[in-house]
Amino acid sequence: MTKSISVGLLGLGTVGSGVVKIIENHQDKLSHQVGCPVTVKKVVVKNIDKVRDVEISSEKLSTNVEDVIHNPDVDVVIEVMGGVEETRDYILTALRNKKHVVTANKDLMAVYGSELLTVASENGCDLFYEASVAGGIPILRGLADGLASDRITKMMGIVNGTTNFILTKMTKEGSAYEEVLKEAQELGYAEADPTSDVGGLDAARKMAILATLGFSMKIDLDDVQVQGITEVTEEDLQYSKQLGYTVKLIGYAHRDGDNVEVSVQPTLLADTHPLASVSDEYNAVYVYGEAVGETMFYGPGAGSLPTATAVVSDLVGVMKNLRLGVNGKSAVTPQFPKQLKTEDQKFSKHFLRIHVKDQVGAFAKLTTLFSERGVSFEKIIQLPVTGSELAEIVVVTHKTSQKDYEEILQQLRDLPIVENVKSSYRVEGVGIV
Ligand SMILES: NC(=O)C1=CN([C@@H]2O[C@H](COP(=O)(O)OP(=O)(O)OC[C@H]3O[C@@H](n4cnc5c(N)ncnc54)[C@H](OP(=O)(O)O)[C@@H]3O)[C@@H](O)[C@H]2O)C=CC1
Ligand SMILES: N[C@@H](CC=O)C(=O)O
Ligand code: NA
């Protein structure tokens with residue numbers, strides 16, 4: 001039996017605690033798979049006296065990162081502390097000290113992933129990050145290994161558990177947004193700063209990582225158009241339900257030849273779409289390949305043990321490579337130059353809710369703007385706004401270019417009869433026919 005593999009953890013919070021539990025509780029399976037025991041050598045935390053959700057001997061705890069990244073007895077560094085700039089320095093040091101790294105940190109990998117993977121390869125080290133996208137779902141290995149032979153053209157995902165949990169409770173139970181956000185934080189789903197969840201940035205980071213791997217193109221965070229869920233109202237959810245749609249925060253990546261678009265936005269999904277039934281903190285990624293067709297990966301996207309499962313599975317991957325002597329050889333550099341679609345190359349349907357002065361001909365003025373650009377409606381609802389002289393108009397358009405739609409929106413805002421544009425979201429699929 002070769003010597004045991006020693007692991008050093010940076011962080012012992014929601015995910016780190018799960019990692020320690022899995023290593024301890026699944027020791028027999030881990031040893032059988034990799035041919036030696038796995039031991040947690042050192043764990044770095046911020047507050048040494050904090051009460052932990054896991055048993056760990058005090059001599060293993062430290063507040064000094066050097067005790068892991070410079071520890072000659074540590075073979076693999078597991079980074080589950082979060083943060084970006086200082087964490088990047090820690091991981092660079094670990095890699096240059098010939099230590100393999102497993103991370104769950106999508107904030108870091110979305111911005112510095114390309115640099116870190118290059119340094120890992122230069123030092124013959126593995127850098128694995130399965131847990132950084134969709135928590136416990138093995139989506140990155142699914143793309144890199146399972147679908148390696150295919151040309152991926154479309155990926156649509158619910159990749160943030162916090163916002164899916166919020167939208168599920170608001171839609172199904174009529175819960176208040178603030179109340180459900182607080183519950184998601186208490187359950188450990190949300191980031192330390194939950195604005196990255198609800199503002200869409202967490203999902204955007206994951207889509208940048210997914211699109212880079214899936215399209216073999218270096219997609220930066222700045223390439224992702226982002227709109228969060230903070231403006232989604234009870235009325236939007238009700239109208240969507242009435243029209244046969246479910247509102248989800250959808251990460252969307254589409255490749256049309258060499259042109260790609262990547263976005264995160266609240267989206268009306270037809271109730272018949274497989275993603276529409278993905279509820280609570282669950283994630284799912286729908287992947288379309290030219291040869292394989294439609295596939296979907298589903299599971300818990302957040303939470304201690306589900307995320308830790310992905311982290312420890314990456315650790316197993318490192319250890320298997322150690323036995324084969326092939327560490328540092330799995331990173332695939334992007335094959336294609338990045339070419340982002342222009343606004344007139346992006347097409348989708350739209351949900352639009354506006355308030356107009358309830359005057360004769362108001363609706364006709366509105367439809368003229370759309371028909372002048374050849375845009376017709378799939379659904380139309382018009383209702384008076386109680387207690388006012390306004391009417392509420394809700395439409396679902398047929399497919400139109402983003403360029404035309406944005407110009408129509410601007411013209412609508414300039415129309416005297418339009419009081420205001422209340423909401424506008426992307427629509428995927430056909431609702432109630
Ligand atoms: N929670 C989830 O469901 C998921 C989280 N992730 C990612 O996993 C990572 C960890 O998330 P999570 O476990 O929820 O975060 P937590 O906030 O629960 O835990 C963070 C841990 O890191 C420690 N830590 C933070 N900063 C420092 C520092 N400067 N020096 C030393 N220790 C530090 C904290 O110490 P102390 O305990 O003493 O405060 C804590 O133990 C993040 O990158 C997150 O985005 C990915 C997928 C899912
Ligand atoms: N805050 C994130 C945690 C996992 O990445 C989420 O809600 O998905
Ligand atoms: Na994953």
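Quick caveat: nothing in here was measured; it's all calculated off a predicted structure. Just so you know, ligand 1 is whichever comes first in the structure, and atom 1 is the first atom listed for that ligand.
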If we only count N/O pairs under 3.5 Å, is [X] in contact with ligand 1?
X: G13; value: yes
X: E79; value: no
X: G16; value: no
X: E191; value: yes
X: L10; value: no
X: D107; value: no
X: S304; value: no

Is the shortest side-chain N to carboxylate O distance from [X] to [Y] below 4.0 Å?
X: D126; Y: K329; answer: no
X: E231; Y: K422; answer: no
X: E261; Y: K341; answer: yes
X: D53; Y: K21; answer: yes
X: K338; Y: D258; answer: no
X: D67; Y: K42; answer: no

Checklist entry - What atoms in ligand 2 come closer than 4.0 Å to a heavy atom of A190? => result 1 (N)
Checklist entry - By number and element, which atoms of ligand 2 are closer than 4.0 Å to a non-hydrogen atom of K206? => result 2 (C), 4 (C), 5 (O), 6 (C), 8 (O)
Item to check | Heavy atom of protein inside 4.0 Å of atom 15 (O) of ligand 1, strictly below | outcome: no
Checklist entry - Nearest protein heavy atom to atom 29 (N) of ligand 1: under 4.0 Å? => result yes
Checklist entry - Any cation-pi pair here, R426 with Y252, using under 6.0 Å and within 45°? => result yes
Next on the checklist: Whether R255 engages the ring of Y288 as a cation-pi pair (distance to the six-membered ring centre under 6.0 angstrom, angle to the ring normal within 45°) should be assessed.
Outcome noted: no
Next on the checklist: Any nitrogen or oxygen of G161, side chain or backbone, less than 3.5 Å from one on ligand 2?
Outcome noted: yes
Checklist entry - Mind checking whether D197 has an N or O less than 3.5 Å away from an N or O of ligand 2? => result yes
Next on the checklist: Pair E428, K154 - check salt bridge (charged side-chain N to carboxylate O under 4.0 Å, His left out), show working.
Outcome noted: CA-CA 13 Å; E428 184 77 20; K154 183 174 178 180; 2.9 Å; yes
Next on the checklist: Under 4.0 Å, heavy-atom basis, I'd like to know which part of T307 is in contact with ligand 2: side chain, backbone, both or neither.
Outcome noted: neither
For [atom], what is the nearest protein heavy atom, given as residue, atom name and distance?
atom: atom 18 (O) of ligand 1; answer: T14 N, 2.9 Å
atom: atom 2 (C) of ligand 2; answer: E191 OE2, 3.2 Å
atom: atom 4 (C) of ligand 1; answer: V15 CG2, 3.7 Å
atom: atom 34 (C) of ligand 1; answer: K46 N, 4.4 Å
atom: atom 41 (O) of ligand 1; answer: L12 N, 2.8 Å
atom: atom 1 (N) of ligand 1; answer: G188 O, 3.3 Å
atom: atom 48 (C) of ligand 1; answer: T307 OG1, 3.2 Å
atom: atom 24 (N) of ligand 1; answer: M81 CB, 3.9 Å
atom: atom 37 (O) of ligand 1; answer: R52 NH1, 2.5 Å

Checklist entry - Between Y282 and Y298, is the ring centre distance below 6.0 Å? => result yes
Next on the checklist: Taking the ring centre of each residue, are H273 and Y286 less than 6.0 Å apart?
Outcome noted: yes
Next on the checklist: Before you tell me yes or no, could you show the steps for K403 and E407 under salt bridge (charged side-chain N to carboxylate O under 4.0 Å, His left out), namely the whole-Å CA-CA distance, both residues' side-chain angles and the distance that decides it to 0.1 Å?
Outcome noted: CA-CA 6 Å; K403 179 176 180 294; E407 286 171 3; 3.0 Å; yes
Checklist outcome for this item: Quick note on ligand 1: atoms under 4.0 Å from a heavy atom of N105 include exactly 43 (O)
Checklist entry - Can you list the atoms of ligand 1 that are under 4.0 Å from a heavy atom of G82? => result 42 (C), 43 (O)
Checklist entry - With a 4.0 Å cut-off on heavy atoms, is A192 touching ligand 1? => result no
Next on the checklist: Contact between ligand 1 and G135 is defined here as a heavy atom of the residue under 4.0 Å from a ligand atom; is it met?
Outcome noted: no
Checklist outcome for this item: So CG of N259 and OG1 of T342: to nearest 0.5 Å the spacing works out to 7.5 Å
Checklist entry - When you measure from atom 21 (C) of ligand 1 to each heavy atom in G18, A302, G11, which option holds the nearest one? => result G11
Item to check | From the candidates A310, G303, S62, A308, the one that places a heavy atom nearest atom 3 (O) of ligand 1 | outcome: G303
Checklist entry - Ignoring hydrogens and geometry, is there a side-chain-to-backbone donor-acceptor pair from D314 to V102 under 3.5 Å? => result no
Checklist entry - Where the Na ion (ligand 3) is the centre, what is the O-to-O angle for E130 and G135, rounded to 10°? => result 100°
Checklist entry - After noting the C-alpha distance and the side-chain angles of N64 and S62, does the key distance pass the side chain to side chain donor-acceptor pair (under 3.5 Å) rule? => result CA-CA 5 Å; N64 181 1; S62 164; 5.5 Å; no
Checklist entry - Backbone or side chain, does V133 get an N/O/S atom under 3.0 Å to the Na ion (ligand 3)? => result yes
Next on the checklist: Using a distance threshold of 3.0 Å, state whether an N, O or S atom of I137 lies below it from the Na ion (ligand 3).
Outcome noted: yes
Checklist entry - Do E235 and T233 have side-chain N/O donor and acceptor atoms under 3.5 Å apart? => result yes
Item to check | Aromatic plane relationship, Y425 with F351 - under 30° parallel, 30 to 60° tilted, over 60° perpendicular | outcome: parallel
Item to check | 4.0 Å heavy-atom contact, G301 with ligand 2 | outcome: yes
Checklist entry - H100 and D75: side chain to side chain donor-acceptor pair (under 3.5 Å), yes or no, with the steps? => result CA-CA 7 Å; H100 308 292; D75 305 303; over 6 Å; no
